[in-house]
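First up is the structure itself, then whatever we jot down about it.
Every chain is numbered from 1, with letters handed out A, B, ... down the list of sequences.
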There are 2 protein chains.
Amino acid sequence: MALRHAVLAALLDEELSGYQLAKAFDLGVANFWHALPQQLYAELAKLEKEGLVAGREVVQDTRPNKRLFTVTEAGLAELDRFAATANKPSFIRDDLFVKVQAADHVDVDELIAQLTERAAIAEAKIELWGGLLRQMRGDRSEEEFLRHGERIGPYLTCLRGLAFEQGNLDWCRRSAAILRERRAAHAPR
Amino acid sequence: MALRHAVLAALLDEELSGYQLAKAFDLGVANFWHALPQQLYAELAKLEKEGLVAGREVVQDTRPNKRLFTVTEAGLAELDRFAATANKPSFIRDDLFVKVQAADHVDVDELIAQLTERAAIAEAKIELWGGLLRQMRGDRSEEEFLRHGERIGPYLTCLRGLAFEQGNLDWCRRSAAILRERRAAHAPR
DNA sequence: TCATGATACTCAATAAAATGACTAATCAGA
DNA sequence: TCTGATTAGTCATTTTATTGAGTATCATGA
């Protein structure tokens, strides 16, 4: 009963179709929530049945028709209610971290390769978030935008996402470097 | 089929009971994986049946008896195999981030309170990880330990956890400050 | 023209995780 | 001496999430 709130939060600023929502969950929302398209379609259907979102059919010539969803008053109330409840323990789940935890027992070359790959992914995300942030604040400076901008919620979560990926990048590079050094020290020549 | 690897990784350095494992998953392992005790007991039973871990009964006078588990050769092989596979998309899930995403539509005072609370939690974790890291490296410097220490896997993941909490702390403080400023600007006097 | 990929979904089956309720002993403190 | 916390688990049910397979149309590029 918590995916629903992530969906509501994602729909606050834009009217989206299930398909677009799935894209959003692959990009920005992925910073703090993860869900597959099937879950989102199912959740949207439930939310609509409960009157927390409203869908409207949009007929398209060139593309299959779609249904765009907006948050209703009841949806907003539900979000506000949620905002006042206690947070469930936050959670991270990452295969790569598990592998690093086992670093002393698994193939180090493989691990270094994966850390390097992840570093590249992190770099790409950093550019992506950077662009998104620039786009959101337009021609204002960050300080100006945060002080007086209209919708700062998505901006703040995006900032967290950016910092998180920066953290990943630093850590992956450092860890890879350390493992390379140790490998060199153990099997020289 | 992935919790199993987190369990194996957690058992590499110590022989643990299900109960102790659950504790570990609440502390250190929580940096990269999250699971409830019931899941862990179930997973340990499966792993034992498959021969990836071995349990031994320990009779205790003062406490209920317990079963301690160690990773077997087959378990190590499985971990190594896992380390060479592609990573599933990593994921974060955090109620607080959802609430911040909806910052412009929910009760700001409540949000500020929760950000402040989370900042305090982050501070506590930072101290905890700091202590754990000191304990792992003993009297060596970090550089020295990372170069020549025996088991650096847990140290590296702990470093990531520390940086993550530091990121949370900074972000919570900054976000709370921004929201306070905006609140003051909108409803002065 | 023919394959590919994007848009826009749906359905069914299985696997994994969360919730809630229990047992049973010991210990520390009011 | 009673209460609550800690150790050490188990069991059953429900809720979520994942996997895999389909449907259909249109646009793009080789």
Side-chain angles (χ1 to χ4, degrees), chain A residues 1-7 11 14-27 29-30 33-50 53 55-69 85-95 98, chain B residues 1-7 11 14-27 29-30 33-50 53 55-69 85-95 98:
Chain A
M1 292 294 233
L3 170 60
R4 62 196 311 103
H5 301 116
V7 170
L11 287 177
E14 309 174 84
E15 195 178 24
L16 295 174
S17 68
Y19 190 80
Q20 292 172 305
L21 189 62
K23 299 249 147 178
F25 266 73
D26 238 41
L27 291 178
V29 183
W33 211 270
H34 157 89
L36 298 168
Q38 292 94 320
Q39 275 176 275
L40 297 174
Y41 283 115
E43 198 61 45
L44 281 172
K46 261 201 275 180
L47 287 169
E48 192 180 19
K49 210 174 62 184
E50 293 172 38
V53 304
R56 65 181 183 95
E57 187 84 16
V58 173
V59 178
Q60 298 185 117
D61 280 3
T62 155
R63 291 277 163 211
N65 295 346
K66 61 182 173 182
R67 306 201 65 221
L68 293 181
F69 293 90
T85 62
N87 297 311
K88 292 206 186 170
S90 79
F91 89 59
I92 291 187
R93 193 164 282 190
D94 195 320
D95 285 356
V98 174
Chain B
M1 293 298 234
L3 169 60
R4 61 196 310 103
H5 301 115
V7 170
L11 288 177
E14 310 173 84
E15 195 179 24
L16 296 173
S17 67
Y19 189 80
Q20 293 172 303
L21 188 62
K23 299 250 147 177
F25 265 73
D26 238 40
L27 292 177
V29 183
W33 211 270
H34 158 90
L36 299 167
Q38 293 93 323
Q39 277 174 272
L40 298 175
Y41 283 114
E43 198 62 45
L44 281 172
K46 261 200 276 181
L47 286 169
E48 192 180 20
K49 210 174 62 184
E50 293 172 38
V53 305
R56 64 181 183 94
E57 187 85 15
V58 173
V59 179
Q60 298 186 118
D61 280 3
T62 155
R63 293 280 163 208
N65 295 347
K66 60 184 175 183
R67 307 201 64 221
L68 293 181
F69 293 91
T85 62
N87 297 311
K88 291 207 187 170
S90 79
F91 88 63
I92 291 189
R93 193 162 283 192
D94 195 320
D95 285 356
V98 174

Indicate, with a heavy-atom threshold strictly under 4.0 Å, whether [X] touches base, sugar-phosphate, or nothing.
{"X": "Arg93(A)", "value": "sugar-phosphate"}
{"X": "Gln39(B)", "value": "sugar-phosphate"}
{"X": "Gln60(B)", "value": "sugar-phosphate"}

In whole Å, what is the span from the [atom1] atom of [X] to the [atom2] atom of [N]?
{"X": "Leu68(B)", "N": "dT7(D)", "atom1": "CG", "atom2": "P", "value": "14 Å"}
{"X": "Glu43(A)", "N": "dT16(D)", "atom1": "CD", "atom2": "P", "value": "8 Å"}
{"X": "Gln20(B)", "N": "dG9(D)", "atom1": "CD", "atom2": "C1'", "value": "13 Å"}
{"X": "Leu40(B)", "N": "dT10(D)", "atom1": "CG", "atom2": "P", "value": "12 Å"}
{"X": "Trp33(B)", "N": "dA16(C)", "atom1": "CH2", "atom2": "P", "value": "11 Å"}
{"X": "His5(B)", "N": "dA16(C)", "atom1": "NE2", "atom2": "P", "value": "11 Å"}
{"X": "Glu57(B)", "N": "dG9(D)", "atom1": "CD", "atom2": "C1'", "value": "11 Å"}
{"X": "Lys88(A)", "N": "dA18(C)", "atom1": "NZ", "atom2": "C1'", "value": "8 Å"}

For [N], does either OP1 or OP2 sit under 4.0 Å from a side-chain N or O belonging to [X]?
{"X": "Ser17(A)", "N": "dC9(C)", "value": "yes"}
{"X": "Lys66(B)", "N": "dA25(C)", "value": "no"}
{"X": "Tyr19(A)", "N": "dT7(C)", "value": "yes"}

Query raised in the report: So, do Phe91(B) and Phe91(A) have ring centers that fall under 6.0 Å from each other?
Result: yes

Please round to the nearest 0.5 Å and tell me the distance separating atom [atom1] of [X] and atom [atom2] of [Y].
{"X": "Glu43(A)", "Y": "Gln38(A)", "atom1": "CD", "atom2": "CD", "result": "13.5 Å"}
{"X": "Leu11(A)", "Y": "Phe69(A)", "atom1": "CG", "atom2": "CZ", "result": "8.5 Å"}
{"X": "Gln20(A)", "Y": "Leu40(A)", "atom1": "CD", "atom2": "CG", "result": "12.5 Å"}
{"X": "Gln39(B)", "Y": "His34(B)", "atom1": "CD", "atom2": "NE2", "result": "7.0 Å"}

Shortest side-chain distance from [X], nucleotide among [options]:
{"X": "Pro64(A)", "options": "dA24(D), dG20(D), dA17(D)", "value": "dA24(D)"}
{"X": "Gln38(A)", "options": "dC9(C), dT19(D), dA8(D)", "value": "dT19(D)"}
{"X": "Leu36(B)", "options": "dT19(C), dA8(D), dT18(D)", "value": "dT19(C)"}
{"X": "Lys46(A)", "options": "dT16(D), dA17(D), dA8(D)", "value": "dT16(D)"}
{"X": "Lys23(A)", "options": "dT7(C), dA8(C), dA8(D)", "value": "dT7(C)"}

Requested in this report: Starting from the 5' end of DNA chain D, give me the residue, His34(A) or Ala42(B), whose nearest nucleotide shows up first.
Outcome: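 Its nucleotide being nearer the 5' end, the pick is Ala42(B).
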
Query raised in the report: More 5' along DNA chain D: Phe91(B) or Phe69(B), using each one's nearest nucleotide?
Result: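 Final value for this comparison: Phe69(B).
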
Query raised in the report: Which atom names give the shortest non-hydrogen contact between Asn65(A) and Gln60(A), and what distance separates them?
Result: OD1-N, 2.8 Å

